[in-house]
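To find a chain, count down the sequence lines: A is the first, B the second, and so on, and within it residues start at 1. All values derive from a computational prediction rather than experimental measurement.
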Amino acid sequence: MEKTERRASNFIEEFVEEDLASGRFDHVKTRFPPEPNGFLHIGHTKAFCIDFQIAEKYGGLCNLRFDDTNPTKEKTAFVEGIQKDIEWMGFHWDKLYFASDFFDRLYDIAVGLIKKGVAYVDDQSAEEMRQTRGTLTSPGTNSPYRERSVGENLRLFEGMKHGEYEDGSRVLRAKIDMASPNVLMRDPTIYRILRAHHHRTGDKWCIYPMYDFQHPIQDAIEGVTHSLCSMEYEIHRPLYDWMVTQAGFEQPPRQIEFARLNITRTVMSKRYLRKLVEEGYVSGWDDPRMPTLAAMRRRGYTPESIKSFVGKVGVAKADSEVEGALLEHCVREGLADIAPRAMAVLDPIKLVLTNWPEDQVDELTMENHPDHPELGARKVKFGRELFIEREDFMENPPGKFFRLKPSGEVRLKGAYIIRCDEVVKDEAGEVVEIRCTVDMTSKSGEEGANRKVKGTLHWVSAADARPIEVRLYEPILNEEVEADAASEALQNEEGEAEVSQKDFISRLNPDSLKVLRGSVAEPIIADAAVAATFQFLRMGYFCKDPDSTSELPVYNRTVALKDTWAKMNK
RNA sequence: UGGGGCAUAGCCAAGCGGUAAGGCACGGGACUUUGACUCCCGCAUUCGCAGGUUCGAUCCCUGCUGCCCCAGCCA
């Protein structure tokens, strides 16, 4: 069956189909235009998934373009990081561009605007411009320099380019309408003088184009058909259209806006992310608590999971905040089939099998994945002394406790059923050892071993136990008590609501990172390569961290397993 | 008090005048040598509110309310 009609799955696709049908465009070209002033986070990821996927769906291509027009904030390290992240996500851009590659062309177009009489050099100070811009409810007033002659403007603009004036002394402005109800249309600045070293053009330029000029023109130069961006740019659209029209482009791109992604208990503003890094609240842009792709990669999230998440979130125009649980669901779903299972005990307590011969160590065969025999099996040692999870034993458990308790029986996964006979305590009354007897007839997989017990525990034998460090994560922000001004501002990129550093810092979750030192694991876990992912049976998905050494492997918990028992106890 | 947007379940989100998709979360059950996975079942008589048009309105009209964005020589 051939699919003859393409079904739009969101309003952007509807627009695209509409444009294709009407003949406004005969193909689709998109672009992802990050400023290289930080690493990409999950919010950007939604954006570029949309950019690439729309292009792909309609047989078009997507460019990667760095909008590097503000040299004070940009670095080569960020452009490299961004490219790596996009590639890791499995997308392929068509052309790779830098706005800075077009500075000459942009300059020429600005000159063209001056010649047309729709741009002028303004000598007012930033402060004067602010005052004459008017307010949201009152119109602005024209600059005294607004009616300069084309010749003078040309001369002055060239002077700006040649470094004849000080930073901030003059700007080039578009001549639009100082009384426009849309403040952005009140003669926006399109070039400023800025003596800063640019990561690509060095000191060649001392004037740099502004976003509202560069972005639309650049889109048009690249032949972008659909310029997708987030909602805050909706009010820039008239300006966008003004620019490409004034510059004389035949088939101006269509800008379409969609709502950006927010996730509960997640910092999604580059400004605050930078603060976390620069002030040492996290170890870096790839600290596994960060919402950056670098961090998610390190933590063990897969590109497939992230794409699945973005897909489930959908595309719309309404402000929204997605629950972190949806992301976690996608991460588990993506790992379930591919992560080999193995055993690690995060918080060990010693268990002695009193009827097991002192020096006997057996080798048991355990499957690496219950649903995927092709992932093979491994040998695991089993002896008289083992470790089990401290929380898997309770002396006085509540009802419905299927784990180990005095006189109770459980199965040790892949091994035997054991019965708890006694507990050994220290002076403080803490249980330090559990003594059990093995039902020798219950060996896993053997005939007659089909006796059922309610609980199955993971374990590591003392003979096999290798120390590992385990890092557990929680959301970086505290649970929101109430919607307060601070929390809202955290969700908005570069949102300038006056949130003091103190408010932000006070919202950080002190338990976002928990480091476990006494954990033990099977050799297959300890000896795995960095970035290897496992499901530690019953404990969650874990990924080996680059901080690992040969003496001490380090594992990040990517995500915990769902835990009905914990929920019941709440 | 200007302009631009947005309101459908706890969280996302379909819906495009013919009688409320789906996912997550949540609750119940089955299965289980992971309290996982998987599988069943349940979960909006109602779409921000109030009017109007219509045989019929989440959808069209009017008025209201609430939330978000805009006064950088940031992007």
Atom-pair distance ([atom1] on [X]; [atom2] on [N]), nearest Å:
X	N	atom1	atom2	result
Arg130(A)	C73(B)	CZ	C1'	13 Å
Asp241(A)	G4(B)	CG	C1'	14 Å
Met185(A)	G2(B)	CE	C1'	15 Å
Arg65(A)	A75(B)	CZ	P	12 Å
Tyr191(A)	C74(B)	OH	C1'	16 Å
His198(A)	A75(B)	NE2	C1'	13 Å
Asp319(A)	C69(B)	CG	P	8 Å
Arg274(A)	A75(B)	CZ	P	13 Å

State the pairing partner of [N]; accept Watson-Crick or G-U wobble contacts with both distances under 3.5 Å, and report none otherwise.
N	result
A14(B)	none
C60(B)	G52(B)
C26(B)	G42(B)
A71(B)	none
C6(B)	G66(B)

Quick check for you: among [options], whose closest atom lies nearest to any side-chain atom of [X]?
X	options	result
Lys317(A)	C12(B), C73(B), G5(B)	G5(B)
Ala318(A)	A75(B), C69(B), C6(B)	C6(B)
Lys567(A)	G2(B), G27(B), G3(B)	G27(B)
Arg133(A)	C74(B), C16(B), A71(B)	A71(B)
Ala325(A)	A75(B), A25(B), G4(B)	A25(B)
Glu234(A)	A25(B), G5(B), A71(B)	G5(B)
Glu323(A)	G72(B), C11(B), C74(B)	C11(B)

Taking the same atom, [atom1], in [N] and in [M], what whole-Å distance lies between them?
N	M	atom1	result
A20(B)	G66(B)	P	31 Å
U32(B)	C24(B)	P	24 Å
G10(B)	C43(B)	C1'	11 Å
U8(B)	C12(B)	C1'	11 Å
C68(B)	G27(B)	C1'	34 Å
U38(B)	U62(B)	P	48 Å
A9(B)	C26(B)	C1'	11 Å
C73(B)	G3(B)	C1'	23 Å

_Any donor-acceptor pair under 3.5 Å from Asp68(A) side chain to Ala99(A) backbone_ =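 Yes; at least one donor-acceptor contact below 3.5 Å.
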Please list, one pair per line, the donor and acceptor atoms closer than 3.5 Å that link side chains of residues 307-317 of chain A to other protein atoms, with sequence neighbours excluded.
residue: Lys307(A); atom: NZ; partner: Met89(A); partner atom: O; Å: 3.0
residue: Lys317(A); atom: NZ; partner: Glu234(A); partner atom: OE2; Å: 2.9

N/O donor-acceptor pairs under 3.5 Å from side chains in residues 333-340 of chain A, not counting sequence neighbours:
residue: Asp337(A); atom: OD1; partner: His372(A); partner atom: NE2; Å: 3.1

Report which part of the nucleic acid [X] touches: base, sugar-phosphate, or nothing (heavy-atom distance under 4.0 Å, all strands).
X	result
Ser320(A)	sugar-phosphate
Tyr233(A)	base
His236(A)	base
Ser138(A)	nothing
Pro71(A)	nothing
Glu74(A)	nothing

Quick one about [Y] and [X] (side-chain donor to acceptor, distance below 3.5 Å, no hydrogens or angles considered), yes or no?
X	Y	result
Ser125(A)	Glu127(A)	no
His215(A)	Arg31(A)	yes
Asp67(A)	Thr69(A)	no
Tyr211(A)	Asn70(A)	no

*At under 4.0 Å between heavy atoms, which parts of nucleotides 29-44 of chain B does protein reach? Answer with one letter per nucleotide, 5' to 3': B base, S sugar-phosphate only, - none.*
----BBBSS-------
*Determine, for Arg538(A) against Glu389(A), whether the closest basic-nitrogen to carboxylate-oxygen distance falls under 4.0 angstrom.*
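No, Arg538(A) and Glu389(A) are not salt-bridged.
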*Between Thr189(A) and Val313(A), just flag the one whose closest nucleotide in RNA chain B comes earlier from the 5' side.*
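Per heavy-atom nearest nucleotide, the more 5' residue is Val313(A).
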*Asn10(A) or Asp67(A), whichever maps to the more 5' nucleotide of RNA chain B*: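 The residue mapped nearer the 5' terminus is Asn10(A).
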*Does a sphere of radius 6.0 Å around NZ in Lys381(A) hold more than 12 heavy atoms from other residues, nucleotides or ligands, not counting ones at 6.0 Å or beyond?*
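Open.
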*In terms of base orientation, is G72(B) syn or anti, with the syn window spanning 90° either side of 0?*
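Syn.
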*asked:* Before you tell me yes or no, could you show the steps for Phe39(A) and Phe78(A) under ring pair (Phe, Tyr, Trp, His ring centres under 6.0 Å), namely the whole-Å CA-CA distance, both residues' side-chain angles and the distance that decides it to 0.1 Å?
replied: CA-CA 6 Å; Phe39(A) 286 89; Phe78(A) 293 136; 5.3 Å; yes
*With Pro291(A), which of Leu40(A), Ile263(A), Thr266(A), Leu327(A) fulfils side-chain contact (heavy atoms from CB on, under 4.5 Å)?*
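The option that passes is Thr266(A).
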*Please state whether the phosphate of G5(B), meaning OP1 or OP2, lies under 4.0 angstrom from any side-chain nitrogen or oxygen of Arg260(A).*
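No.
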